[in-house]
Amino acid sequence: ASSTAAATSADATPAQVFIFSDGNLAPTADAASTSFAAAIPATFIPVGTTDVENLGITGFAVRRNEATGAAQALAKVRNFSATARTVDLELRIGGRVVDRQRLSLAAAARRDVVFAVPDAPDGAWEARLESDAVASADALADDDRAWAVLAPPRKARVLVVTAGNRYLESALSTDEARQWCEATLRTPDFLTMPEYRQAAEEAGFDAVFFDRCRPGESPATSTLYLGSLPPEEGWKALPPVEAPPIIDTARTHPLMQNTSAGEVLVAEATPLVGPSGTRTLLDSPQGALAAIAPRRAFEDAVLGFAVTSADGTLQTNWPLVDGAGFEQFVLNAVQYFGRVSNGAAVGSLRPGEPLRLRLDGAAPTIELMLPDGSTTALARSAAGDYSFYETRLPGIYQIARLPRAAVNLFDETESNVNLPGEPKLRLGREEIIGQSRWETAAWQGWRWPTLAVLVLLGGEWYIYGRQTGSRGRRAPASAR
């Protein structure tokens with residue numbers, strides 16, 4: 001049996017994968033991609049040209065000064081073309097044009113544009129590239145518009161369970177953090193009290209941060225674990241490693257925006273393995289050092305290392321490195337998990353990211369209007385919020401005709417539709433260079449078509465022989 005199997009394996013045609021792409025893909029460094037690329041031969045066929053014209057909005061944010069009522073809108077524009085372009089950038093509020101600026105951008109240039117708006121109203125804000133040149137020559141329409149929702153202020157309710165972490169507490173005590181959240185600090189023994197169980201079951205908090213501790217069961221809200229694992233199945237910590245270097249950061253994820261881990265050092269970490277749908281936020285050669293994964297209507301974010309030890313000793317220089325953004329990371333977690341607004345526009349989502357809404361006093365079922373005008377019904381979860389997962393359309397998502405969330409492309413990799421000078425892909429740690437032309441190869445599928453032709457010819461000869469033989473046997477009878 002083994003010799004037969006070996007012969008069959010030897011005669012089998014090896015699998016080969018052809019990848020058609022423009023090569024502008026974010027690199028991946030996970031083990032699954034590396035194993036796939038190493039095990040199966042892959043051929044990268046570049047698609048596209050190097051002279052595509054595209055202008056795009058790569059960022060859009062709105063901030064209001066609650067004291068004066070005035071607001072500023074910041075739009076980030078980039079020219080992905082190989083030639084200089086001139087375009088009008090419009091600011092619209094509620095569909096009405098309130099300001100316009102003419103921009104001249106050199107090839108590959110970027111520009112930050114600020115709009116000042118006195119007495120800024122709540123609602124849908126839009127930045128739009130508008131000109132005949134854009135309409136006629138632009139290769140990608142999805143990045144010509146960007147949206148933000150300026151909503152009335154509401155602070156997130158955050159529970160922080162820690163035996164003591166002055167850097168985490170300091171990050172939650174900044175003026176900006178206090179504008180965004182009301183943090184309640186408790187020690188780990190609080191997790192055994194009826195007060196916690198009631199709050200966890202009834203979604204008494206918008207988010208819970210667990211510092212070097214974890215509950216017996218996950219609360220009915222999103223969580224951040226620092227140096228500990230969620231109690232959910234699928235999460236696993238690999239053996240500890242000393243001083244793992246951080247080689248990649250998921251800067252497009254809202255939790256990691258405006259942070260930089262290039263100079264961050266970690267004394268010891270346990271690389272993470274998460275459940276299905278896990279996304280790596282901080283990566284190392286040994287595995288993920290920070291990750292986030294969905295849990296029903298919620299999400300769990302995990303740091304595979306502690307910020308401080310039990311005696312308060314720092315285990316990472318992240319809070320000390322200028323520009324690394326540990327305080328920003330904590331603020332991002334408050335804003336992302338709390339889904340709150342306090343003088344700033346509601347955080348933008350990227351296509352495909354889940355939309356979760358918490359509406360105080362809302363009905364068991366609400367109607368959500370999508371950017372194309374279609375509607376869908378959302379049921380309130382046990383946690384008291386509403387979830388929608390099919391956010392593939394950029395634009396404004398509304399409830400009862402009121403803007404509630406914005407979905408934007410905001411991905412320079414997607415907006416850069418030009419073919420790179422030397423197209424290449426990275427699958428895990430394997431690099432695949434683009435093939436400039438097709439290579440001929442022996443086709444191994446000739447056997448079955450050849451057999452079919454032989455069977456057809458054999459059948460025709462058989463029928464012909466039968467007919468000829470019948471005429472030969474009848475000839476003497478007719479002669480009589």
Side-chain angles (χ1 to χ4, degrees), residues 19-28 44-61 73-92 95 97 100-113 115 124-148 250-254 257 347-353 355 370-374 390-397 405-426 434:
I19 303 174
F20 296 86
S21 171
D22 62 3
N24 289 317
L25 298 178
T28 61
F44 169 36
I45 308 297
V47 177
T49 65
T50 58
D51 56 355
V52 180
E53 299 286 324
N54 188 47
L55 283 163
I57 301 174
T58 59
F60 183 52
L74 171 65
K76 296 178 176 293
V77 182
R78 182 177 175 184
N79 180 13
F80 295 93
S81 311
T83 58
R85 300 283 299 276
T86 299
V87 65
D88 290 333
L89 178 65
E90 293 182 349
L91 175 66
R92 302 187 179 200
V97 178
R100 178 188 291 110
Q101 294 190 31
R102 172 62 60 91
L103 308 178
S104 295
L105 290 92
R110 308 168 187 262
R111 180 76 58 82
D112 290 350
V113 182
F115 295 96
W125 290 50
E126 178 187 355
R128 181 185 296 192
L129 296 175
E130 198 70 75
S131 75
D132 294 338
V134 169
S136 61
D138 210 56
L140 184 64
D142 285 346
D143 61 2
D144 293 342
R145 303 171 70 184
W147 296 265
R251 292 184 178 86
T252 59
H253 193 280
Q257 288 180 358
S348 172
L349 299 174
R350 293 188 57 202
E353 291 183 342
L355 167 61
L370 278 58
D372 62 359
S374 62
E390 300 179 14
T391 56
R392 58 183 180 81
L393 296 176
I396 296 292
Y397 290 71
V407 174
N408 295 291
L409 184 61
F410 289 172
D411 188 335
E412 293 198 3
T413 300
E414 294 288 343
S415 293
N416 186 10
V417 293
N418 278 294
L419 190 66
E422 184 184 2
K424 63 180 68 175
L425 290 180
R426 290 193 66 88

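We number each residue from 1, following the sequence as shown.
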At what distance, to the nearest 0.5 angstrom, does [atom1] of [X] lie from [atom2] of [Y]?
X	Y	atom1	atom2	result
L129	D88	CG	CG	9.5 Å
L349	N408	CG	CG	9.0 Å
F115	Q101	CZ	CD	4.5 Å
R350	L409	CZ	CG	6.5 Å

For [X], what residues pass the side chain to side chain contact (heavy atoms under 4.5 Å, CB included) criterion, not counting sequence neighbours?
X	value
P351	V407
E390	F388
R392	none
R78	T58, F80, R110, E412

Item to check | R100: partners by side-chain hydrogen bond (donor to acceptor under 3.5 Å, both in side chains), with sequence neighbours left out | outcome: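 E90.
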Checklist entry - Mind checking what makes side-chain hydrogen bond (donor to acceptor under 3.5 Å, both in side chains) contact with N79, not counting sequence neighbours? => result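 N79 satisfies side-chain hydrogen bond (donor to acceptor under 3.5 Å, both in side chains) with S81 once adjacent residues are dropped.
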Closest approach of [X] and [Y], non-hydrogen atoms and distance?
X	Y	value
A127	A75	CB-CB, 4.3 Å
I396	A406	CD1-CB, 4.0 Å
F60	W125	CE2-O, 3.7 Å
T391	E353	OG1-O, 2.6 Å
N54	S415	ND2-O, 2.8 Å

Only counting residues at least two apart or in another chain, list the ones meeting salt bridge (charged side-chain N to carboxylate O under 4.0 Å, His left out) with [X].
X	result
R251	none
R128	E126, E130
D372	none
D142	none

State, yes or no, whether a side-chain contact exists between [X] and [Y] at a heavy-atom distance under 4.5 Å.
X	Y	result
W147	I57	no
E53	T83	yes
L370	Y397	yes

